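First the structure, in the form of C-alpha cells, and then the observations on it.
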Amino acid sequence: MLESVIFGYTLFGKITWNAMWSFIVVGVLVSCGNKDSKTTVVLGKENPEQLMAQADRVELDNDGHLLNVPGIKGERSPDEYRVTYKGSEGPGKGKQIVFIATDHEYRGEETLPALARILAKRYGFSCTVVWALDDDGNILPGGSDLKGLDVLEEADLMVMFMRFANFEDAQMQYIDDYLKRGGAVIGLRTSTHAFKNADNPNWKHYDYKYEGEKEAWHGGFGEVVLGETWVGHYGKNHQQASKLILEENNREHPIMRGVQSAWAQCGGYNAYPQGKDLKILARGRVLNGMTPDAAPDTSKEELPVAWVRTYQLESGKPGRAFTTTHGASEDILNEGFRRMLINACFWGLEMEEEIKKDNPIDFVGGYEPTTFNFEGYQKNVKPSDLAGWESIIMPRK
C-alpha cells in the first residue's frame, strides 16, 4: 500500500513537473517570437500537441539553461543559396568563378547563371552562382540574406550583379579577404552601388555613399574597386536603349576581340570612372527608343559604359577589375554584348590568349529572360530549380 502511494505521488510529481516546463518553454518561445518574426512563423506552423511534445524533450545544461528545442527551424545551409556548374574540359579546367546575384530591378539573378553555364559547359570552368533568399528559401532579388560566400576562398574570379546589399559580417569578411588578395572582379550594372550598409560599424566603408574617416574608402566599394559609384541615370530608363561605341584607342583590347554591334536595352548611367591603369573600352550612345536601330539622342554625350582598371585595397594586393554599366537580363541576348562579358572573364583571369573572336558563346539550356523592372521577378524559384544544364532560366511557376 505504501509503495503504491509513493509511486502515485512520484508519478504525479513528474507529470506536474513536465507540464510546468512545457508551459515555461512555450512561453519563452512565444516571447521570442514577438521579437523575431522568423520564430513566429515557425511557431505558427506547429500544432499545440507538437509544441508540448517538443517542450517535454527540452535538454538542460548543468545550470538549468535551455540547450536546444527540437523542431525549431535552424539556420539555412549555405548550399541552399548556391548552385555549381562544373565544366569537364577546356582552358578553364581547374579555375573557380563565383557569381553573386542580388539586384532589385535588372534581373541579375538571370544574367549571372546564364553566363556561368556558358563558361562552365563551353570552357571547363567551375562556376558557382550564389543568390539571396527569402524566408521560404526562394530567390529574392535585392535581398541581403545571402550565405555561401566561403567559396570565395578558392575563387579565381568574382562576378557581381548586386545593389544596396547589407550582408552579415561573416559574408562580408569573405568578400574583403578576396579583395585584399587582389582577386579579379567583374562588376555589372548596379554593382557600382553594390552595398548600402552605412549602419554596419564593421563594413560601413563599403557603402556607396561612404565619406567617413577612412579616406581611402570614400565612395565605397564602387569607387575603390570598380572606379565609380552611383551617380544617376543618363537618359530615360525603360525608354532609351544604348548602343556601345568602341573606344578608338582601345579597339584592340582583348575584351573587345570579336565584339560587334553591341547594344543594351537598359538605359545609361552617369559614369566618370577613374583609377590606375584605367582604359575606357566603350561609350554609350543613348537612343530614342528601345531598338538598336533607333535614332540617337543628340542631346546626350557618349559616356563610358565599359572599362578596366587596377584596384588595390589598403594593405592588399593589386587586382584586375572590369565594369559595365549595363548587363540586364535582356542585354545579354545581344551577341556582341554577351561576348564582351565572356571575354572580360577570361581577361580577369589573365587568360587573354584564350580569347578568340569566334569563341562559342551560345546559351546552354533554355534562356527566357524576364523583362527588367522592380518587383517583376519570377517568384517561388529556388536555386536548385536552376541546377543542371537544361533547366530554364528563369522558370515560371
Side-chain angles (χ1 to χ4, degrees), residues 37-46 73-86 97-121 127-149 151 159-167 171 188-191 237-238 264-266 290 326-334 338 341 362-397:
S37 60
K38 290 185 180 179
T39 304
T40 303
V41 171
V42 173
L43 289 175
K45 292 180 180 178
E46 304 285 356
K73 186 177 180 181
E75 185 173 320
R76 185 175 284 118
S77 165
D79 287 333
E80 294 182 54
Y81 293 79
R82 61 197 182 195
V83 166
T84 297
Y85 303 103
K86 293 184 178 180
I97 307 178
V98 174
F99 298 76
I100 308 175
T102 178
D103 84 285
H104 301 76
E105 181 179 5
Y106 297 100
R107 306 283 69 86
E109 73 276 5
E110 302 183 11
T111 297
L112 293 195
L115 296 176
R117 283 185 182 178
I118 294 170
L119 287 161
K121 183 71 171 179
C127 297
T128 299
V129 186
V130 189
W131 292 268
L133 303 183
D134 64 17
D135 288 344
D136 295 318
N138 298 314
I139 294 172
L140 180 63
S144 289
D145 177 13
L146 184 146
K147 295 180 177 63
L149 294 184
V151 289
V159 184
M160 309 171 70
F161 204 140
M162 295 171 50
R163 180 179 184 266
F164 291 168
N166 188 6
F167 297 157
Q171 304 307 312
L188 275 64
R189 189 63 171 173
T190 52
S191 296
N237 201 26
H238 302 280
Q265 294 192 35
C266 61
M290 294 295 288
H326 299 293
S329 55
E330 292 172 307
D331 292 351
I332 65 170
L333 291 173
N334 174 255
R338 187 166 74 252
L341 297 184
D362 295 342
F363 289 109
V364 176
Y367 185 63
E368 300 176 3
T370 308
T371 297
F372 61 94
N373 60 81
F374 285 108
E375 302 299 330
Y377 67 96
Q378 298 302 323
K379 297 176 175 59
N380 302 314
V381 178
K382 289 180 167 52
S384 57
D385 293 330
L386 300 179
W389 303 115
E390 298 303 323
S391 56
I392 298 295
I393 304 174
M394 182 64 72
R396 275 64 169 170
K397 293 189 175 182

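Treat the numbers as computed from the prediction; the structure is a model and nothing was measured.
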For the [atom1] atom of [X] and the [atom2] atom of [Y], what is their distance to the nearest 0.5 Å?
X      : Y      : atom1 : atom2 : answer
Leu188 : Leu341 : CG    : CG    : 5.5 Å
Cys127 : Leu112 : SG    : CG    : 10.5 Å
Tyr377 : Asn138 : OH    : CG    : 8.0 Å
Thr128 : Ile97  : OG1   : CD1   : 9.5 Å
Gln378 : Ile139 : CD    : CD1   : 10.5 Å
Phe167 : Ile100 : CZ    : CD1   : 6.0 Å

Tell me if a side-chain donor or acceptor on [X] pairs with a main-chain N or O of [Y] at a distance below 3.5 Å.
X      : Y      : value
Gln171 : Leu149 : yes
Thr84  : Lys86  : no
Thr190 : Met162 : yes
Arg107 : Glu105 : yes
Glu110 : Thr370 : yes
Asp145 : Asp134 : no
Asn373 : Thr371 : yes
Arg82  : Pro383 : no
Ser191 : Met160 : yes
Lys397 : Asn380 : yes

Which atom of [X] lies closest to which atom of [Y], heavy atoms considered:
X      : Y      : result
Asn166 : Ser144 : N-OG, 2.8 Å
Thr102 : Gly143 : OG1-O, 2.7 Å
Leu115 : Arg338 : CD2-CG, 4.3 Å
Tyr81  : Lys147 : CB-O, 3.2 Å
Tyr85  : Gly388 : CE2-O, 3.4 Å
Glu109 : Trp131 : O-NE1, 3.3 Å

Looking at Asp331 and Arg189, is there a salt bridge between them, counting it only when a charged N and a carboxylate O are closer than 4.0 Å?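 Looking at Asp331 together with Arg189, the answer is no, because their closest N to O distance does not fall below 4.0 Å.
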Which residues pass the side chain to side chain contact (heavy atoms under 4.5 Å, CB included) test with Leu333, not counting sequence neighbours?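 Listed in chain order: Glu330, Phe363, Tyr367, Pro369.
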What residues, two or more places apart in sequence or in another chain, satisfy side chain to side chain contact (heavy atoms under 4.5 Å, CB included) together with Asn334?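 Counting only residues at least two positions away or on another chain, Asn334 forms a side chain to side chain contact (heavy atoms under 4.5 Å, CB included) with Ala262, Trp263, Phe337.
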Cys266 and Asn237, any side-chain heavy atoms less than 4.5 Å apart: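 Of all side-chain heavy-atom pairs linking Cys266 with Asn237, at least one is under 4.5 Å.
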Answer yes or no: is there a side-chain heavy-atom contact under 4.5 Å between Leu386 and Pro395?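 Sidechains of Pro395 and Leu386: in contact.
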Could you give me the CA-CA distance, side-chain angles and deciding distance for Tyr106 and His326, then say whether ring-ring contact (aromatic ring centres under 6.0 Å, His included) is met? CA-CA 9 Å; Tyr106 297 100; His326 299 293; 9.4 Å; no
Quick one: do Thr111 and Phe99 satisfy side-chain contact (heavy atoms from CB on, under 4.5 Å)? Show the steps, please. CA-CA 10 Å; Thr111 297; Phe99 298 76; over 6 Å; no
Just wondering, more than 12 heavy atoms not from Lys379 lying within 6.0 Å of its NZ?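 It does: Lys379 NZ has more than 12 such atoms within range.
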